[in-house]
> 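Have a look at the structure that comes next, please.
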Amino acid sequence: MESTDARTAPAVIVAIDGPSGTGKSSTSKAVAAQLGLSYLDTGAQYRAITWWMVNNGIDIADPSSIADAAGKPDIVSGTDPAAPAITVDGTDVAGPIRTQEVTSKVSAVSAVPEVRARITELQRSIASAAVQGIVVEGRDIGTTVLPDADLKIFLTASPEARAARRSGELKGADVAATREALIKRDTADSTRKTSPLAKAADAVEVDTSDLTLQQVIECVVTLVEEKRAAK
Ligand SMILES: Nc1ncnc2c1ncn2[C@@H]1O[C@H](COP(=O)(O)OP(=O)(O)O)[C@@H](O)[C@H]1O
Ligand SMILES: Nc1ccn([C@@H]2O[C@H](COP(=O)(O)OP(=O)(O)O)[C@@H](O)[C@H]2O)c(=O)n1
């Protein structure tokens, strides 16, 4: 299918949710770049606020300390899919937010309602400022952040496929240990009270276990083009 000219196409809001390692970031960036849309990695925002909490000595085991500090860091996200950027109080944290320490603490921080309220507000204002439209990826975009999104995708994949992908990225990381860590984080994210990881009732579910990344991208691009054509 021929792509619509991004400058004349109606703005489209796309929500892509799912657990870790299902391909959300890679798919969202590629779809946004191909269709001339903005891109927002909401996981990076939760990682950024977690990084700030760790760096400022906040006790991650104490939700009320996290809640009290939730309004302090200034988090700014870039929305260019070719160069996703994230800063906290002006410092580039794109690297530091991917450490094992942040990864192991992010679910506890993101479960705190005050953190979610703050980050959700930020996400909505970024989405509403995206003139051509935006692809927003996370855990609760279709259910809570942008319930009126034009298209909602829920990506899944087997724990084995996800662990193999992640340990490939972490160069030499043990697949079994990576699989356990992923499952632990999924369980925490899916069972928290406030805005858990969940598939929206009107989301299209795509199991990426046996698909190449290119196939997933093509599938989502086609679905977005169909939505745009119907607008
Ligand atoms: N369908 C796929 N097949 C194989 N590898 C994939 C596929 N989708 C993503 N990957 C790879 O898996 C890793 C995790 O993908 P990512 O997009 O970061 O997932 P998520 O954002 O859901 O955590 C990346 O190295 C990516 O290149
Ligand atoms: N919309 C979102 C996005 C992420 N998160 C939290 O942020 C964490 C990191 O998200 P991420 O997308 O960077 O994780 P990966 O899938 O890249 O490993 C998740 O495990 C959730 O705890 C969330 O609560 N809500």
> So how far is it from Leu182 CG to Asp189 CG, rounded to the nearest 0.5 Å?
10.5 Å
> Side chains of Leu40 and Val135: closer than 4.5 Å at any heavy-atom pair?
no
> Are Asp89 and Thr91 close enough that a side-chain donor and a side-chain acceptor fall under 3.5 Å?
no
> Please answer whether the main-chain N or O of Gly142 pairs with a side-chain N or O of Lys152 as donor and acceptor at a distance below 3.5 Å.
yes
> Mind listing the closest non-hydrogen atom pair of Arg166 and Ser20 along with its distance?
NE-OG, 3.4 Å
> Just wondering, are more than 12 heavy atoms of other shown residues or ligands nearer than 6.0 Å to CG in Asp210?
no
> Nearest 0.5 Å, what's the CZ-OG1 distance between Arg47 and Thr103?
4.0 Å
> Using side-chain heavy atoms (C-beta onward) and a distance below 4.5 Å, is Leu155 in contact with Thr27?
yes
> Can you sort out the partners of Thr191 under side-chain contact (heavy atoms from CB on, under 4.5 Å), two or more places apart, ordered by chain and number?
Thr187
> Check Pro196 against Ser190 and note the closest heavy-atom contact, atom names and distance.
CB-O, 3.4 Å
> For Ile75, which of Thr87, Val93, Leu122 qualifies under side chain to side chain contact (heavy atoms under 4.5 Å, CB included)?
Leu122
> Listing request: all salt bridge (charged side-chain N to carboxylate O under 4.0 Å, His left out) pairs with a residue in residues 13-28, at least two apart in sequence or in separate chains.
none
> Drop me the distance from Arg179's CZ to Arg162's CZ, to the nearest 0.5 angstrom.
9.0 Å
> Rounded to the nearest 0.5 Å, what separation is found between the OG1 atom of Thr208 and the CD atom of Gln215?
10.5 Å
> Among Ile, Leu, Val, Met, Phe, Trp and Tyr joined by side-chain contacts under 4.5 Å, find the other residues sharing a cluster with Leu197 and list them by chain and number.
Phe154
> Side-chain contact test, heavy atoms from C-beta onward, threshold under 4.5 Å: evaluate it for Leu35 versus Gln132 and give yes or no.
no
> Ignoring hydrogens and geometry, is there a side-chain-to-backbone donor-acceptor pair from Thr120 to Ala117 under 3.5 Å?
no
> Evaluate side-chain contact (heavy atoms from CB on, under 4.5 Å) for Ile141 paired with Ile16, printing each intermediate quantity in order.
CA-CA 7 Å; Ile141 310 307; Ile16 302 194; over 6 Å; no
> Using the side-chain hydrogen bond (donor to acceptor under 3.5 Å, both in side chains) rule, collect all pairs that involve residues 68-83, keeping only residues at least two apart or in two chains.
Gln45-Ser77
> Considering non-hydrogen atoms only, spot the tightest contact between Thr143 and Ala198 and give its length.
CG2-O, 3.6 Å
> Does Val31 reach the side chain of Val14, with side-chain heavy atoms less than 4.5 Å apart?
no
> So does Val145 get a backbone contact from the side chain of Arg124, meaning a donor-acceptor N/O pair under 3.5 Å?
yes
> If the condition is side-chain contact (heavy atoms from CB on, under 4.5 Å), which residues does Ile13 pass it with, not counting sequence neighbours?
Ile134, Leu146, Ala149, Asp150
> Under a 4.5 Å cut-off applied to non-hydrogen side-chain atoms, are Val109 and Tyr46 in contact?
no
> Ignoring hydrogens, what is the shortest heavy-atom contact between Ser167 and Thr178? Give both atom names and the distance.
CB-OG1, 3.7 Å
> For Ser65, enumerate each residue passing the side-chain contact (heavy atoms from CB on, under 4.5 Å) test, keeping only those at least two apart in sequence or located in another chain.
Ile58, Asp62
> Is Ile217 close to Val221 at the side-chain level, that is, under 4.5 Å between some pair of heavy atoms?
yes
> Output the distance between atom CD1 (Ile60) and atom OG1 (Thr50), rounded to the nearest 0.5 Å.
6.5 Å
> Are Asp59 and Lys105 within salt-bridge range, i.e. N to O under 4.0 Å?
no
> Do side-chain atoms of Thr42 reach the backbone of Glu137 as a donor and acceptor pair under 3.5 angstrom?
yes
> I need the Arg116 CZ to Ser110 OG distance, nearest 0.5 Å.
5.5 Å
> May I ask you to test the Gln123-Ser128 pair for a side-chain heavy-atom distance under 4.5 Å?
no
